[in-house]
Amino acid sequence: MNRKTGHMSAGLRRRVGADDARRSMRRKLLLALGASALAAPLRTVAQQQGKVWRIGFLSPRGSLDSLNSDVLGAFLRGMRELGYVEEKNLVIEWRWAEGKYDRLPELAAELVRLNVELIVTSGTPGIRAAKQATTTIPIVMAASGDAVAMGLIDSLARPGGNITGSTFFILQLMGKRMELLRDAMPRIKQIAFMFNRDNPAAIGPVVEAVEIAAKSLKLAVQQFGVRGPNDFDSAFSAMAKRRVDAMVTGDDALILLNAKRIADLAAKHRILSAGSKALAEAGGLMAYGVNLPEMFRRAAYFVDRILKGTKPGDLPVEQPTKFEIVVNLKTAKVLGIKIPDVILLRADKVIE
């Protein structure tokens with residue numbers, strides 16, 4: 001503060017702004033936790049009473065993303081169940097890429113400079129950025145698509161290095177989404193795959209997994225890479241011109257952040273769509289995917305083990321055992337499609 005003028009310096013303004021942002025984030029996350037989490041019983045942290053742990057959280061998405069509220073609430077619930085509570089014995093350094101992957105390396109580097117105990121992140125771009133930033137600070141994958149195929153870990157049983165957490169098989173995920181679309185409308189022949197062209201993970205193993213899954217179902221697949229929201233209109237126009245019957249999407253941050261726009265365009269062009277739960281809830285036809293909040297809650301287990309001294313490379317990487325099916329009957333009605341009872345009976349959620 002300048003005593004003569006009463007004005008704050010630029011550096012002080014930045015610090016005050018950062019503090020305000022952290023307080024605002026804490027309020028949002030407490031709301032996401034809800035009353036049930038606040039009432040959850042606390043276990044005693046097994047070591048170093050009075051210790052305040054400092055961890056980093058690197059998100060490819062944004063702090064105001066509604067999906068992030070769900071998964072972050074689940075993560076904090078998991079941490080609280082194990083005895084870690086923000087502003088008591090836990091400090092979390094939050095970093096948000098807002099769907100801009102080119103920001104991830106610098107955000108990861110910031111967390112390394114802060115010398116956090118470990119970094120929690122998700123998605124191949126986020127995990128890869130953290131891995132490139134440090135070989136010593138432990139990294140917990142809250143959710144990752146096929147971490148072995150992406151070269152992030154050596155194996156599930158012995159991940160090696162400084163990474164552990166949870167992963168799922170992309171081939172299984174994409175194959176199931178295509179299978180659901182074909183079962184809903186057996187006559188489909190042409191299927192589109194929409195992915196983020198700027199996500200290196202989507203260009204290699206994911207595209208290959210989609211091709212393999214489509215071939216096994218005797219479907220012709222066409223690829224539509226996008227780099228931002230401005231590409232969606234042209235991508236769907238191209239799908240319509242090529243007489244695409246249906247579309248599957250990846251679980252990339254760009255796709256998730258724009259689920260409503262994608263669902264609306266799919267309905268406009270009368271293209272059946274299957275993707276993440278977020279897409280189906282936004283107006284897409286169907287979803288098949290992992291239970292992301294549960295995976296983020298489970299990430300707290302890995303954090304706890306590492307803070308208590310276990311090396312991440314010695315913690316086997318886990319795979320989810322439950323996958324969710326969501327069917328949007330409102331969208332089916334708009335498209336004039338009758339979803340078979342066999343699918344509805346298997347669905348975990350039906351939107352009517």
Side-chain angles (χ1 to χ4, degrees), residues 66-67 70 168 170-196 202 206 209-210 213-214 216-224 226 229 231-233 235-292 322-352:
S66 60
L67 175 63
D70 290 340
F168 54 87
I170 298 170
L171 179 59
Q172 178 187 11
L173 196 69
M174 292 302 174
K176 256 319 190 193
R177 288 175 181 175
M178 291 184 187
E179 185 181 323
L180 279 172
L181 289 171
R182 189 201 58 185
D183 290 347
M185 184 170 282
R187 67 171 178 78
I188 65 172
K189 299 295 181 186
Q190 298 282 342
I191 194 162
F193 172 52
M194 177 177 281
F195 63 96
N196 182 353
V206 177
V210 169
S216 69
L217 294 169
K218 296 181 172 55
L219 296 172
V221 64
Q222 299 183 39
Q223 300 169 19
F224 294 86
V226 292
D231 294 337
F232 294 139
D233 285 304
F236 275 97
S237 294
M239 288 183 206
K241 287 179 182 177
R242 297 183 194 179
R243 299 183 181 279
V244 163
D245 303 305
M247 172 195 71
V248 292
T249 67
D251 291 346
D252 175 89
L254 173 65
I255 305 297
L256 293 172
L257 286 168
N258 293 279
K260 181 68 167 66
R261 178 93 175 272
I262 293 169
D264 288 347
L265 285 168
K268 176 184 175 181
H269 290 279
R270 304 192 66 77
I271 294 173
L272 283 66
S273 58
S276 67
K277 183 178 180 180
L279 181 68
E281 291 179 336
L285 182 62
M286 288 186 289
Y288 180 87
V290 296
N291 185 324
L292 277 178
K322 178 173 174 54
F323 291 79
E324 297 179 310
I325 295 175
V326 181
V327 177
N328 193 321
L329 286 182
K330 290 182 180 178
T331 301
K333 185 176 181 180
V334 170
L335 295 173
I337 297 170
K338 186 181 186 309
I339 302 296
D341 290 341
V342 66
I343 294 178
L344 294 176
L345 289 172
R346 291 165 52 205
D348 297 275
K349 181 178 181 179
V350 176
I351 301 171
E352 299 186 77

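FYI, side chains are in, hydrogens and waters are out, and symmetry mates aren't considered; it's all heavy atoms of this structure.
- A side-chain donor-acceptor contact under 3.5 Å links Arg177 to the backbone of Thr249.
- With rounding to the nearest 0.5 Å, the separation of CG in Leu272 from CD1 in Ile337 is 3.5 Å.
- For the atom pair NZ (Lys349) and NZ (Lys277), the distance works out to 5.5 Å, reported to the nearest 0.5 Å.
- Two residues are said to be in side-chain contact when any heavy atoms from C-beta on lie closer than 4.5 Å; Val326 and Ser276 fail this criterion.
- Ser273 places a side-chain N or O within 3.5 Å of a backbone atom of Leu285 that can act as its donor or acceptor partner.
- Side-chain atoms of Leu292 and Asp251, non-hydrogen and from C-beta on, never get closer than 4.5 Å to each other.
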Stepwise side-chain contact (heavy atoms from CB on, under 4.5 Å) check, Leu181 with Ile191: CA-CA 9 Å; Leu181 289 171; Ile191 194 162; 3.9 Å; yes
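- Considering every non-hydrogen atom in both Leu173 and Gly289, the closest pair reads CD1-CA, 3.5 Å.
- Residue Arg243 holds its CZ atom at 12.0 Å from CD of Gln222, rounded to the nearest 0.5 Å.
- The line from CE of Met194 to CD1 of Ile271 is 8.5 Å long, rounded to the nearest 0.5 Å.
- Nearest heavy-atom pair, Ala213 versus Ser216, reported as atom, atom and distance to 0.1 Å: O-OG, 2.7 Å.
- Looking only at side-chain heavy atoms (C-beta outward), Arg187 and Asp245 come within less than 4.5 Å of each other.
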Intermediate values then yes/no, side-chain contact (heavy atoms from CB on, under 4.5 Å), Phe224 and Met247: CA-CA 10 Å; Phe224 294 86; Met247 172 195 71; over 6 Å; no
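- Looking at Leu254 and Val226, their side chains come closer than 4.5 Å, going by heavy atoms from C-beta outward.
- Counting heavy atoms from C-beta outward, Asp252 and Phe195 have side chains that stay 4.5 Å or more apart.
- For Tyr288, the ring pair (Phe, Tyr, Trp, His ring centres under 6.0 Å) partners at least two apart in sequence or on another chain are Phe323.
- Partners of Asp348 according to the salt bridge (Lys or Arg N to Asp or Glu O under 4.0 Å) rule, which considers only residues two or more places apart in sequence or in another chain, are Lys322.
- Across all non-hydrogen atoms, the minimal contact from Ala259 to Ala278 is CB-O, 3.8 Å.
- Salt-bridge formation is not detected for the pair Lys268/Asp264: no Lys NZ or Arg NE/NH1/NH2 atom is positioned less than 4.0 Å from an Asp or Glu carboxylate oxygen.
- Looking only at side-chain heavy atoms (C-beta outward), Ile325 and Met286 stay at 4.5 Å or farther from each other.
- Between atom CG of residue Leu217 and atom NZ of residue Lys189 there is a gap of 11.5 Å, rounded to the nearest 0.5 Å.
- In plain terms, the two heavy atoms of Ala246 and Val244 that are nearest each other are O-CG1, 3.0 Å.
- With salt bridges taken as basic N to acidic carboxylate O contacts below 4.0 Å, one links Arg261 and Asp233.
- Scored by the salt bridge (Lys or Arg N to Asp or Glu O under 4.0 Å) test, Arg242 finds no partners at all (sequence neighbours excluded).
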Verdict with reasoning, Val327 to Leu329, per side-chain contact (heavy atoms from CB on, under 4.5 Å): CA-CA 6 Å; Val327 177; Leu329 286 182; 4.1 Å; yes
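- Nearest heavy atoms, Ala280 versus Asn328: O-ND2, 2.9 Å.
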His269 vs Met239, side-chain contact (heavy atoms from CB on, under 4.5 Å): CA-CA, chis, key distance, verdict: CA-CA 9 Å; His269 290 279; Met239 288 183 206; over 6 Å; no
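- Taking a cutoff of 4.0 Å between a charged side-chain nitrogen and a carboxylate oxygen, Lys176 and Glu179 qualify as a salt bridge.
- Two residues are said to be in side-chain contact when any heavy atoms from C-beta on lie closer than 4.5 Å; Val210 and Met178 meet this criterion.
- Residue Ala263 comes nearest to Gly283 through the heavy atom pair CB-C, 3.5 Å, listed as atom of the first residue, atom of the second, then distance.
- Atom CD1 of Ile351 sits about 5.5 Å away from atom CD of Glu281, to the nearest 0.5 Å.
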